[in-house]
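Below is one structure; the comments refer to it alone.
We count ligands from 1, going down the list as the structure has it; atoms in each ligand are counted the same way. As a basis for the values below, the full set of heavy atoms in this structure was taken, side chains included, without hydrogen atoms, waters or symmetry mates.
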Amino acid sequence: MFSSRVHLLNICQQKKGNIAGFIWDKISLSAVTFRKMSSFNQEFKERFFRGAASGEIDDVRLYIKGNVDLNERNERGWTALMFAARNGHLHVVRELVQHGCDTSVINSTGQTALDIALFWNHGDVARHLQAGQRYLHPDDNFRNYFSLNTLNRCSDKRKDRGWLANKINDANTRFVVFRNLEVLATKLPKSSSMYRYELGKIEMKPIETILACNPVTIFLGLVQENRQVPLTFKEPALFAVDLSTMSEEDVRALSPGSELLPGYPAAMQLLPAEAGIFAEARSMLAWHDRYQFCPTCGSSTRLEEGGYKRECANLECRSHKGVHNTCYPRTDPSAIMLVVSPDDKRCLLGRSQRFPAKMYSCLAGFMEPGETLEDAVRREVEEESGVIVDRVEYHSSQPWPFPASLMLGCIAHATTETVKIDETELEDARWFNRPEVVQMLTRQHPQGLFVPPEQAVAHQIIKTWVRRTANL
Ligand SMILES: NC(=O)c1ccc[n+]([C@@H]2O[C@H](COP(=O)([O-])OP(=O)(O)OC[C@H]3O[C@@H](n4cnc5c(N)ncnc54)[C@H](O)[C@@H]3O)[C@@H](O)[C@H]2O)c1
Ligand SMILES: [Mg+2]
Ligand SMILES: [Mg+2]
Ligand SMILES: [Mg+2]
Ligand SMILES: [Zn+2]
């Protein structure tokens, strides 16, 4: 922090001719005390906010070049990006986003820069901010982590053994490699954010001999960057391969400088654009690992359809008659819900013993057969907290590849408030008001309480509820 201030001073020194009215004249380096440095910094920060609010791009650029935290907030949690968004200064917004300003920061009343731009009808700014959001897919509005998968799965091609064999041997094909469900990943050279790894994508040559031994190999899909352009089927293919028979050292040697990321939470450092590919691959490999024998008759099973089917070796088995779902990959739907109080001012968050200390989250539970999502939400909330829920609102879904859940995110409107927790499942559950939840989202809670990170659908549901009160 101190060195960045000195750097700022140096820049101001170079620029002082351009900074009309700035306090530089009053300060000489020899006389700088910490107090003056602080007030200097404060004044400089205010100038940055004023520049952003008034569209004075030169002032904003000065701060950008100062290599300091562009997400600096004022006492109400407002950033320069929010000020620029408030007044519709697209050129300032563009420059700030280009230099890595975080578009997901929320202020103390729970709004992002995008909310502010939308509220004040600055459509051009809102479109720019939306395009810069991390989980956006070109053809969609919102994406949870583990859901962005740019591959076309080409399910109709999986039955064509000849086509698949040719694709495996194609020079453009790449393999995502797993060992004991840990994925091979490479650290990105610039890793300032929490997304620090990309999937290792290996050519066929170095794994040719091991592929000849028929390890579990899954056809993940063809790379289709633009959904508007029809597939030619000549696009590069991506497969997942299980190399658990190789040593960890040999697997890592396939891609210099790579690591094997153990499952949760390490895999949440993958680039969001690849997290959906990881989710598909890991859930599929976990299914093969667990279904080596037929659940109907106990005979061995073999892989078919590019890994999307396992067929029983016993020709008499009932699984060969009609559609038998044990032959296909399984997904376990789970409900995850933010329970909100009857007056909508508070929400119910809980923690299980296995959570990291001080983390609170939405309640969650597996759906049961013959149950609607809404009823699963009502049942799990009542079981775990004793609170009665009436209306259930759907939010969004998230594949959860540990091993193969689909989280169905909801907002659940409670009609009662008395909490009586199920102590086998939860350690604590209590009501939190909005300002406190904002502190938990932004890691500014006085007791250090926090909610799951942005990769979790729980975080997104909580953020949606917090953002609903417009106080701009
Ligand atoms: N709370 C969160 O913030 C959060 C976030 C992300 C994911 N999840 C996931 O939500 C899922 C469901 O939550 P939960 O564990 O509270 O569920 P839950 O409340 O239904 O209780 C879990 C228990 O349900 C039983 N169960 C029923 N069906 C099951 C199935 N298909 N697989 C495994 N166990 C089953 C088991 O006895 C298990 O111990 C879990 O996978 C959890 O990891 C929760
Ligand atoms: Mg639960
Ligand atoms: Mg439960
Ligand atoms: Mg349950
Ligand atoms: Zn069988």
Subject >> Ring centroid separation Phe219 to Trp163 under 6.0 Å >> reply: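 Yes, ring centres under 6.0 Å apart.
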Hey, are the side chains of [X] and [Y] touching, using non-hydrogen atoms and a 4.5 Å cut-off?
X      : Y      : result
Lys463 : Val466 : no
Leu184 : Ser255 : yes
Gln292 : His288 : no

Original post:
Can you tell me if an N/O/S atom from Ala364 lies under 2.8 Å from the Mg ion (ligand 2)?
Top reply: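 True for Ala364.
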**OP:** Quick one: the OE2 of Glu384, the Mg ion (ligand 3), OE1 of Glu425 angle, rounded to 10°, please.
**Re:**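 Vertex at the Mg ion (ligand 3): approximately 80°.
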Original post:
With a cut-off of 2.8 Å, does Glu380 place any N/O/S atom under that distance from the Mg ion (ligand 4)?
Top reply: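 It does; at least one qualifying atom falls short of 2.8 Å.
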